[in-house]
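This report concerns only the one structure given below.
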Amino acid sequence: MDRRQLLKSLALGGTAGLLPLSRGWAIESGRSAAPRLIVVMLRGAIDGLNVVVPYRESNYYQLRGSIAIPKPGTDGGAFDLDGRFGLHPALSSLMPLWQSQQLAFVHAAGSPDPTRSHFDAQDYLESGTPGVKNTADGWMNRLLGALPTRGGALRAVSLGPVLPRIVSGTNTVASVPLGRSAARKTALDRPGVGAAFDRLYAENSALGAAYREGRDAHQQVLADLNSADISPEANVADNGAPPPRGFALDAAQLATLILRNPGLQLAFMQIGGWDTHVNQGGSQGQLANRLTALGNGLQTLTTQLGPELANTMIVVLSEFGRTAKQNGNGGTDHGHGNVIWLLGGGLHGGKVHGDWPGLDDSALHEQRDLAVTSDYRSVLAQVSERHLRLNDRQLATVFPQAPASTTGISTLLRS
Amino acid sequence: MRTATIVSAVLLLCCSVVATADDGSAFRLLNRLAYGPRPGDVARVQQFGTERYIEQQLQPVAEPVVLQQQLAALKTTTLSAAELFATYGPQLRKLAKADDAAKAEYRDSIREVVEQAEDARMLRALYSPNQLQEVMVDFWFNHFNVYDGKGLQGRLLVGPYEREAIRPYVFGKFRDLLGATAKHPAMLFYLDNWRSTAEGFKPAAGPNKDKPAGLNENYAREVMELHTLGVDGGYSQTDVTELARILTGWTYDPRAMARGGGDSGFVFVARRHDHGPKKFLGTTFDDSGQAEGEWALDLLAHSPATAQHIAYQLVQYFVADVPPPALVQRVAARFRSSDGDLRETLRALLLSPEFLDPNSKKFKTPYQYLLSALRASAVELSNLRPVLVALRSMGQPIYGCPTPDGWMNTQDAWLNPAALTQRVNFATALGAGRLPTLATVLAKLDLKANAEAVENDTRAAMNAVEREPQNSPTAGHFLAVSDLQITLRGLVLSDATQATIAQSPPPLQAALLLGSPEFMYR
């Protein structure tokens with residue numbers, strides 16, 4: 001029996017498939033108590049009203065003739081969350097987390113800035129300074145600066161070929177290539193080539209620094225993803241299912257990096273494709289398909305983190321919500337309030353937080369969108385304070401001018 | 001080996017002496033207005049004079065016969081959007097009922113259309129003497145971005161969009177460019193205006209027969225935010241909605257195109273139009289059908305905010321990440337005084353002292369980096385796939401920007417640790433002669449018949465890019481650094497870079513030059 005078969009047979013035995021992971025983590029780090037944050041940004045403005053569905057609102061069904069998610073208990077209906085809200089049926093993979101109180105939502109959350117421009121709104125979400133365009137760095141980079149150093153080459157990672165604004169700034173964040181190429185050797189890994197280019201970039205410039213950071217991170221990622229006891233294949237208790245692709249593969253690789261790098265405190269991932277102006281569908285269709293992939297990726301991530309999920313907070317958010325009313329093409333246009341997802345340990349989970357403003361015509365923002373009652377910075381500030389243990393002074397550097405009021409969301413996390 | 005090292009070290013020294021004798025302006029010009037010099041270009045521009053060269057670039061000439069032949073081999077790139085729909089459209093209609101094999105075959109044929117469009121873009125950028133034209137095609141495509149990943153129609157339409165709505169207008173009037181993009185099926189499809197109708201309109205036929213449709217404000221917002229006024233250009237949500245109403249009925253009919261009807265694809269359908277009165281940007285619009293949209297585009301094209309927005313973007317693209325305000329003002333003024341004449345606007349920019357200022361430098365985007373490395377190396381690639389795959393892994397696939405704002409062109413957007421190591425790896429493959437050149441692979445122009453062979457070549461080439469050694473039997477000849485030095489005369493290398501290159505084995509020297517910090521800038 002070769003190694004893969006062995007792993008597969010372990011996997012068939014149930015949770016034993018996770019054994020190599022936990023073992024690797026235990027050997028590497030002993031007991032880890034360092035809290036970490038993973039941010040998943042949904043670019044393009046996901047339709048939060050169809051993710052966490054306010055199924056008690058009659059106006060929801062009037063405004064959304066063909067794209068509404070039916071009430072729980074009916075065909076294609078939402079999963080009931082709390083008697084008021086239901087989860088999109090494509091996110092069934094997340095229901096166990098809801099039941100174990102490791103999943104919570106903040107509804108009617110968003111930015112105080114009213115822009116409906118994707119690009120401005122994303123910029124504000126990433127800078128952490130709504131309405132202010134000249135902020136030089138991203139809030140996750142400032143957050144990294146406020147966190148204690150815990151050693152290791154990888155303190156913060158961003159998945160993808162470019163470093164987005166949210167992680168850009170003076171503190172080093174490693175970019176990890178997407179997909180299988182993350183674990184592949186390159187020309188630079190040949191000693192002669194590597195040494196010559198190391199000399200070429202020995203200079204003390206922005207390029208020199210970036211080059212050296214890239215080399216270090218690549219070597220660390222390569223070692224972690226190709227290590228003997230963990231490989232992307234081994235990560236999956238697959239029961240014969242195909243190996244993960246796309247977001248789920250990236251999530252699996254991120255879990256591996258986290259388990260092998262106890263000093264890794266921040267991670268950023270992003271997924272696009274939520275700008276559903278046309279035919280977004282209801283219980284099935286375009287948005288449902290994307291939600292399935294997102295849910296599966298999040299489930300992969302949380303499963304593989306195993307006991308380390310207790311030290312992890314995953315925040316899923318998007319630049320703004322979409323119109324309460326469906327448009328002329330079975331889609332939705334740019335709106336305002338949205339829902340923020342929280343997954344992990346230390347949550348008051350199994351709960352939809354936030355002051356729900358309702359969907360009555362008079363309650364809608366500018367007569368068309370879900371209003372914002374919780375500032376996204378208040379949510380992130382509470383995560384930073386209670387989960388990452390930032391003090392007030394540090395918080396003020398990460399989210400300057402964040403509102404003091406936290407009505408409706410004062411107990412997202414156990415303090 | 002030892003002799004070769006010494007020879008190249010000597011050449012290196014002699015070239016850097018020549019470089020200091022020249023003020024470097026020819027090299028900078030070719031870096032900015034072209035995708036970097038090919039062999040002989042720097043000398044030609046020096047002989048010609050920079051101003052005359054700029055004037056020449058503003059008046060494109062016929063493409064060379066060899067390039068024309070290469071392009072002609074890409075059969076689908078000569079077809080219009082309507083012709084492509086006539087060829088592929090009927091399948092599009094039947095696809096829902098087709099079996100998996102037929103669907104796969106159909107997708108392959110669509111993929112071939114996109115790949116040929118990508119190849120044509122790359123071939124022109126690499127080999128066309130009309131470099132400024134190619135740079136402006138990239139700039140304006142990106143400004144009016146559409147995406148090949150939004151459905152099969154989107155894939156089919158990106159190539160025709162570039163040929164029909166962008167390329168003919170890059171030295172024309174901005175209003176014409178705006179109108180051509182607004183009406184092209186690719187844009188109507190990508191930003192959904194083709195489906196936007198008066199509230200409650202019911203199609204009398206087709207797959208959505210009798211289903212009430214309505215307003216879609218996607219295009220109306222982006223045309224103001226991204227294409228014309230800019231996000232701070234002084235419009236409101238009401239203006240977005242009113243413009244969407246004005247543009248109802250601007251659509252195309254894919255089924256009519258597939259039947260071979262209609263030359264451009266665009267149609268105005270009065271029944272879909274919202275005939276009520278509108279107030280847009282403070283101006284009242286009475287019911288006048290398509291003319292309302294034309295008038296709205298006139299207003300947008302001639303707004304001072306648009307002049308400012310376009311000038312800022314041009315100066316940022318050509319001069320500096322933080323554009324000098326005085327230059328932006330001058331370029332905006334020329335845009336306004338010339339009624340949005342893009343040739344005149346560009347002339348004001350290209351002849352400005354800021355344009356060739358040696359102190360301003362731009363970090364190359366992945367696209368610019370790969371093109372400049374390939375042009376300097378003068379390799380004749382038999383298969384562009386490895387280059388296109390490299391572009392994708394660097395985060396900038398051709399026609400692959402999903403969002404309507406297009407790619408950024410700033411250092412902040414592209415300089416990051418992973419990007420540099422990827423560039424260095426590409427430079428190593430190129431310098432070591434490991435991309436599939438005409439010398440190493442027989443030309444396989446008939447992509448369909450040889451799809452598998454090309455696929456295998458691509459895989460082998462990409463493996464070579466990512467892996468191993470210089471001396472395997474499949475390796476091509478490594479590039480001579482001395483040739484590169486001559487081609488890139490005017491590129492100022494630091495002492496440390498020169499020393500590192502001179503001290504390295506010859507097979508690595510060209511790679512080091514193309515992967516050097518200095519070569520990352522234009």
Side-chain angles (χ1 to χ4, degrees), chain A residues 43-44 66 114-120 158 160-163 165 168 172-178 181 184-190 192-193 196-197 199-203 205-218 272-273 275 277-278 326-331 333-334 366 368, chain B residues 191-192 195-201 211-218 221 225-226 231 237 240 366 393-396 402-405 411-422 424-425 428-429 432 465-469 494 496-497 499-501 503-505 508 511-512 515-517 520:
Chain A
R43 291 191 193 272
S66 67
T115 183
R116 290 190 185 87
S117 153
H118 289 299
F119 315 105
D120 273 3
S158 166
V162 295
L163 278 183
R165 174 148 171 63
S168 70
T172 300
V173 176
S175 47
V176 177
L178 296 174
S181 64
R184 233 175 257 150
K185 281 196 175 188
T186 69
L188 266 180
D189 294 309
R190 284 152 48 199
V193 177
F197 277 102
R199 277 200 299 283
L200 200 59
Y201 282 90
E203 52 164 324
S205 65
L207 261 59
Y211 171 85
R212 287 188 293 277
E213 287 166 15
R215 282 275 273 160
D216 292 348
H218 170 71
D275 196 16
H277 286 277
V278 169
Q326 78 181 60
N327 69 13
N329 307 133
D333 290 324
H334 301 183
E366 296 181 359
R368 53 178 265 155
Chain B
L191 289 179
D192 304 321
R195 313 189 58 144
S196 183
T197 71
E199 231 32 272
F201 164 81
K211 277 196 211 152
L215 212 57
N216 190 310
E217 61 187 40
N218 199 8
R221 180 185 307 283
E225 175 178 336
L226 301 172
V231 70
Q237 173 60 40
V240 172
S393 67
M394 290 178 183
Q396 199 182 22
T403 51
D405 54 338
Q411 174 162 319
D412 279 353
W414 295 111
L415 171 57
N416 66 70
L420 272 188
T421 49
Q422 282 174 316
V424 163
N425 283 321
T428 307
V465 168
E466 279 157 4
R467 287 192 205 117
E468 284 308 295
S494 73
T497 297
T500 303
I501 294 174
Q503 289 156 14
S504 296
L508 206 51
L512 286 165
S516 68
M520 299 299 154

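Hydrogens, waters and symmetry mates play no part in the numbers below; they use all other heavy atoms, side chains included. From a predicted model like this one, the values you see are computed outputs, not experimental measurements. Reminder, nothing fancy here: chain letters follow the sequence lines and each chain counts from 1.
B:Trp414 has its side chain within reach of A:Val162: a pair of non-hydrogen atoms, C-beta onward, lies under 4.5 Å apart. Counting only heavy atoms from C-beta outward, the side chains of A:Tyr201 and B:Leu420 approach each other to under 4.5 Å. Residues B:Leu508 and A:Val193 meet the side-chain proximity criterion, which asks for heavy atoms closer than 4.5 Å. Taking 4.5 Å as the limit, some side-chain heavy atom of B:Met520 sits within range of a side-chain heavy atom of A:Leu207. Between A:Glu203 and B:Pro517, some side-chain heavy-atom pair lies under the 4.5 Å cut-off. At a threshold of 4.5 Å between non-hydrogen side-chain atoms, the residues B:Glu225 and A:His118 do not count as touching. Within the 4.5 Å cutoff, the side chain of B:Thr421 has no heavy atoms near those of the A:Phe197 side chain.
Between chain A and the options B:Thr197, B:Asp412, B:Leu415, B:Val240, the largest number of non-hydrogen pairs under 4.5 Å is found for B:Leu415. Here B:Ala213 is the residue among B:Gly395, B:Ala198, B:Ala419, B:Ala213 with the most heavy-atom pairs under 4.5 Å with chain A. For the options A:His334, A:Arg212, A:Arg43, A:Glu366, heavy-atom pairs under 4.5 Å to chain B are most numerous at A:His334. Heavy-atom pairs under 4.5 Å with chain A peak, among B:Glu217, B:Glu199, B:Gln422, at B:Glu217. Comparing A:Glu213, A:Arg199, A:Arg116 by heavy-atom pairs within less than 4.5 Å of chain B, the highest count is held by A:Arg116. In terms of non-hydrogen atom pairs under 4.5 Å with chain A, the most contact-rich of B:Pro402, B:Ala496, B:Pro404, B:Ser516 is B:Ser516.
For A:Ala196, the parts lying near chain B are the backbone and the side chain together; criterion is any non-hydrogen pair under 4.5 Å. Proximity to chain B (any heavy atom under 4.5 Å) is shown, for A:His218, by neither the backbone nor the side chain. Using a 4.5 Å cut-off between heavy atoms, B:Leu191 makes no contact with chain A at all. For B:Arg195, the parts lying near chain A are the backbone and the side chain together; criterion is any non-hydrogen pair under 4.5 Å. Using a 4.5 Å cut-off between heavy atoms, A:Ser168 does not touch chain B at all. Neither the backbone nor the side chain of A:Gln326 comes within less than 4.5 Å of any heavy atom in chain B. For chain B, no part of A:Arg165 is nearby; none of its heavy atoms comes within less than 4.5 Å.
Across A:Pro161 and B:Asn416, no two heavy atoms sit closer than the pair O-ND2, 3.3 Å. The two residues B:Leu215 and A:Asp333 make their nearest non-hydrogen contact at O-OD2, 4.2 Å. Across all their heavy atoms, B:Asn425 and A:Leu188 have their closest contact at OD1-N, 3.0 Å. A pairwise comparison of heavy atoms in A:Asn329 and B:Ser196 identifies OD1-N, 4.1 Å as the closest pair. Between B:Asn216 and A:His277, the closest heavy-atom pair is ND2-O, 3.0 Å. Across every non-hydrogen atom of B:Pro417 and A:Leu163, the tightest pair is CD-CD1, 3.9 Å.
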Q) Would A:Ser117 and B:Arg221 count as a side-chain contact (heavy atoms from CB on, under 4.5 Å) if you check the C-alpha gap in whole Å, the side-chain angles of each, and the deciding distance to 0.1 Å? A) CA-CA 8 Å; A:Ser117 153; B:Arg221 180 185 307 283; 5.6 Å; no

(Q) The test is side-chain contact (heavy atoms from CB on, under 4.5 Å); show your working for B:Thr497 and A:Leu200 and say whether it passes. (A) CA-CA 6 Å; B:Thr497 297; A:Leu200 200 59; 3.7 Å; yes

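Atom-to-atom distance recorded for B:Asn218:CG and A:Asp275:CG is 5.5 Å, nearest 0.5 angstrom.
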